[in-house]
Amino acid sequence: MKKILNIVSLITLFFMASCQEDINTFGDIDTPSNFVVTAQILGQNNTTDPNGDGSGKVLFTAKANNAISYRYIFGDGSSDNSPSGIYEKRYNLTGLNTFTVTVIATGKGGVSSTKTIQVTVLSIFEDPQAVQFLTNGSQKTWYWSASEAGHLGVGPNSGDNTQNYYAHWYQAAPWEKAASPDSACLYGNELIFSKVGNQLKFQLNNQGQTFFNKDFQSVAGGTAGYDFCYNYNAGGLKNVNLGPSESVVMASPDHATRTTGTMMNFSDNGFMGYYIGQSSYEILSISATRMTVRAVMGGNPALAWYHTFTTIQPTQDATDYSNLVFFDEFNLDGAPDSSKWSYDLGNNNGWGNGELQSYTNSPSNVIVQGGNLVITAKKTGSSYTSARLKSENKYEFKYGKVEFRAKLPAGAGTWPALWMLGQNYATNTWPACGEIDIMEHKGNQPNIILGSVHYTGRSGGNSVTSQILSSNVSSEFRKYKVIWSPQSIRFYVDNVLFHSVINSNSLPFNSDFFLIMNVAMGGTFGGTVDPAFSQSSMEVDYVRVYQ
């Protein structure tokens with residue numbers, strides 16, 4: 001019995017020693033204590049501004065004995081870590097709002113303590129135009145502008161004003177990310193912005209496939225070593241709070257409808273399709289149909305990524321319109337080629353639009369010179385002359401890709417157009433015959449390019465139309481293009497898609513059309529002519545039709 005007791009004692013001592021060794025391997029486990037959290041509302045003046053100066057900024061300070069890190073849950077749907085316990089937060093929810101802030105102090109061994117405080121802070125930042133463009137007042141879906149060069153790009157987040165705010169280092173080619181299954185998931189993104197009360201909301205619908213920057217693929221458990229698509233749920237509905245940008249440079253290189261300094265701050269790690277470890281995006285430019293944003297790469301403040309989105313879902317046309325079937329390069333000086341072009345002449349009661357010009361075939365109004373077709377609108381006394389060329393009865397066609405490279409006239413009241421008309425207009429009176437306006441421009445609204453279609457019920461100012469802001473269209477050549485198929489009619493400026501119309505058997509866009517080029521003056525579309533106008537020209541470098 002004595003031997004048995006001795007053995008039991010030895011075993012007990014062995015296990016006690018082993019357990020003590022195991023416990024010691026964890027180190028000291030210290031629960032944070034004497035936990036204090038303070039909040040300083042920046043710009044606060046107890047007499048005039050008790051809730052801050054409207055910037056929405058609050059400086060939080062958390063202190064606790066034995067704490068090695070802190071995490072803030074800010075009460076507005078966002079959260080972040082702060083190893084030091086000091087964090088400057090900007091609340092962007094407009095108005096005077098009270099937020100319940102939870103702070104978690106973590107000590108060795110993972111034990112934690114929690115503290116909750118409330119802050120009441122004023123934010124007076126608003127950007128109603130951005131909200132309207134993003135949501136159209138209720139909800140709007142955005143897509144990657146995949147057909148546009150540079151829809152995804154990266155550049156330096158430092159340097160002078162000429163280097164910053166542009167994707168100098170890399171710009172994706174049109175549809176580049178569709179070429180490989182490693183990245184094809186990107187173009188399936190639907191970015192849905194909505195307005196619920198006064199709160200802007202966002203949801204990324206990416207069918208569970210997220211395109212990850214290689215530096216963050218560990219978030220999805222990936223190890224590819226390069227950008228890759230992984231199964232990763234982007235999460236549900238996020239809050240988006242708008243705030244002013246603090247960037248040094250406020251300039252946009254893409255000439256969109258406006259430049260803005262507004263930041264979009266997404267809650268719950270929300271992101272705009274390409275995972276770069278960032279939830280804050282600066283709106284560089286935005287219109288009703290196009291948006292460019294900029295985001296500093298998470299963990300690498302030297303890099304800035306650029307994303308361009310559109311509300312018109314780009315599609316890669318399955319029809320191969322690559323066979324050049326009709327063209328005029330305008331390389332032979334003199335009159336336009338009579339085998340390809342004829343003229344509309346006279347005023348014809350204002351051509352249905354109250355236009356002021358009379359069309360002629362005079363060399364003073366239309367001539368080929370210097371490699372371009374030149375159509376000149378002129379003022380003569382109290383009247384105007386110009387020219388209108390057409391391919392009627394010389395070249396008519398159905399479906400294809402049509403390209404014009406042109407420089408447009410300048411001056412209030414000018415109305416240049418590159419367009420197509422249904423060849424059966426004599427028996428199928430306009431607009432039933434159909435009209436496709438590849439490019440129209442109002443001199444009274446410089447650099448706004450319109451693309452439109454007309455058909456029954458869609459005449460005059462009721463066309464199916466959209467517009468894009470280009471740049472220097474009266475001093476530089478731009479390419480105006482339409483891709484017309486049995487499924488759709490899509491409009492481009494310099495390969496940027498800005499308008500798309502679904503085609504169907506009920507529409508007149510399934511029979512032969514012919515080409516028209518002209519410069520009108522005034523009328524219901526051109527508007528008031530500048531009294532000082534003397535003359536201005538549209539120059540066409542080439543016309544090409546592919547089928």
Side-chain angles (χ1 to χ4, degrees), residues 143 145-151 173-176 254-256 287 289-290 308 310-330 340 372-373 375 389-391 395-408 416-421 434-441 447-454 463-474 476-503 509 513-518 538-547:
Y143 310 91
S145 190
S147 62
E148 178 178 352
H151 57 274
W175 295 105
E176 178 180 323
D254 61 2
H255 309 293
S287 69
T289 59
R290 186 175 180 275
T308 298
T310 176
T311 58
I312 305 165
Q313 186 171 19
T315 57
Q316 287 180 285
D317 201 327
T319 306
D320 183 14
Y321 293 135
S322 59
N323 181 31
L324 185 61
V325 294
F326 175 86
F327 64 94
D328 198 334
E329 302 292 330
F330 303 113
K340 298 177 179 178
N372 298 318
L373 171 71
I375 299 177
L389 280 71
K390 58 183 181 179
S391 68
Y395 181 70
E396 298 169 349
F397 66 105
K398 180 174 70 173
Y399 309 139
K401 177 171 63 180
V402 184
E403 292 181 351
F404 293 87
R405 185 173 184 267
K407 182 169 61 175
L408 307 183
L418 303 168
W419 52 297
M420 300 190 292
L421 188 66
E435 176 180 325
I436 301 173
D437 298 324
I438 300 170
M439 181 286 302
E440 289 184 288
H441 178 255
N447 296 317
I448 296 177
I449 302 300
L450 292 97
S452 311
V453 297
H454 297 270
S463 63
V464 180
T465 188
S466 189
Q467 65 185 42
I468 184 173
L469 185 70
S470 190
S471 63
N472 305 320
V473 300
S474 295
E476 299 175 3
F477 283 90
R478 296 279 176 263
K479 184 167 69 174
Y480 304 99
K481 178 174 71 175
V482 70
I483 298 178
W484 168 31
S485 72
Q487 290 76 39
S488 65
I489 306 168
R490 302 199 300 279
F491 298 77
Y492 303 78
V493 174
D494 284 343
N495 295 318
V496 176
L497 176 69
F498 72 97
H499 187 34
S500 184
V501 177
I502 296 173
N503 197 7
F509 306 114
F513 277 58
F514 60 88
L515 303 167
I516 305 175
M517 301 176 286
N518 70 284
M538 174 169 69
E539 300 179 45
V540 181
D541 180 28
Y542 61 73
V543 182
R544 297 171 184 168
V545 178
Y546 300 83
Q547 287 187 317

For Val482, check side chain to side chain contact (heavy atoms under 4.5 Å, CB included) against everything at least two apart and list the hits. Val402, Met420, Ile436, Ile438, Ile489, Phe491
Test the Lys340-Phe327 pair against the cation-pi criterion, namely NZ or CZ under 6.0 angstrom from the six-membered ring centroid and within 45° of the ring axis. yes
Expected output: side-chain Ser145 to main-chain Thr310 donor-acceptor under 3.5 Å: no
For the residue pair Phe326 and Tyr395, categorise the inter-ring angle as parallel (less than 30°), tilted (30 to 60°) or perpendicular (more than 60°). parallel
Ser485 side chain to Ser488 backbone, donor-acceptor under 3.5 Å: yes
Pro314 versus Leu497, closest heavy-atom pair with distance: CA-CD2, 3.9 Å
Please enumerate all residues that pass salt bridge (charged side-chain N to carboxylate O under 4.0 Å, His left out) together with Arg478, with sequence neighbours excluded. Glu476, Asp494
Could you check whether any side-chain N or O of Gln547 sits under 3.5 Å from a backbone N or O of Lys401, counting only pairs where one atom can act as donor and the other as acceptor? no
For the rings on Phe404 and Tyr480, is their centre-to-centre separation under 6.0 Å? no
For Leu515 and Phe397, what are the C-alpha separation, side-chain angles and deciding distance, and is it a side-chain contact (heavy atoms from CB on, under 4.5 Å)? CA-CA 9 Å; Leu515 303 167; Phe397 66 105; 4.0 Å; yes
Residues passing the ring-ring contact (aromatic ring centres under 6.0 Å, His included) test with Phe477, sequence neighbours excluded, are none
Distance-only, no hydrogens or angles: does the His499 side chain make a donor-acceptor pair with backbone N or O of Val464 under 3.5 Å? yes
Partners meeting salt bridge (charged side-chain N to carboxylate O under 4.0 Å, His left out) with Lys407 (sequence neighbours left out): Glu539
Ignoring hydrogens and angles, tell me if any N or O in the side chain of Asn503 forms a donor-acceptor pair with the backbone of Phe509 under 3.5 Å. yes
Between Leu421 and Ile516, is there a side-chain heavy-atom distance shorter than 4.5 Å? yes
Test your reading of the model: is there a side-chain donor-acceptor pair from Asp437 to the backbone of Met439, 3.5 Å cut-off? no
Only counting residues at least two apart or in another chain, list the ones meeting side-chain hydrogen bond (donor to acceptor under 3.5 Å, both in side chains) with Ser452. Thr465
Please confirm whether the ring centroid of Trp484 lies under 6.0 Å from the ring centroid of Phe513. yes
Working note: Val540 + Met517, criterion side-chain contact (heavy atoms from CB on, under 4.5 Å); need CA distance, chi angles, decisive distance, verdict. CA-CA 9 Å; Val540 181; Met517 301 176 286; 4.2 Å; yes
Among all residues two or more places apart in sequence or in another chain, which pass the side-chain hydrogen bond (donor to acceptor under 3.5 Å, both in side chains) test with Asn447? none
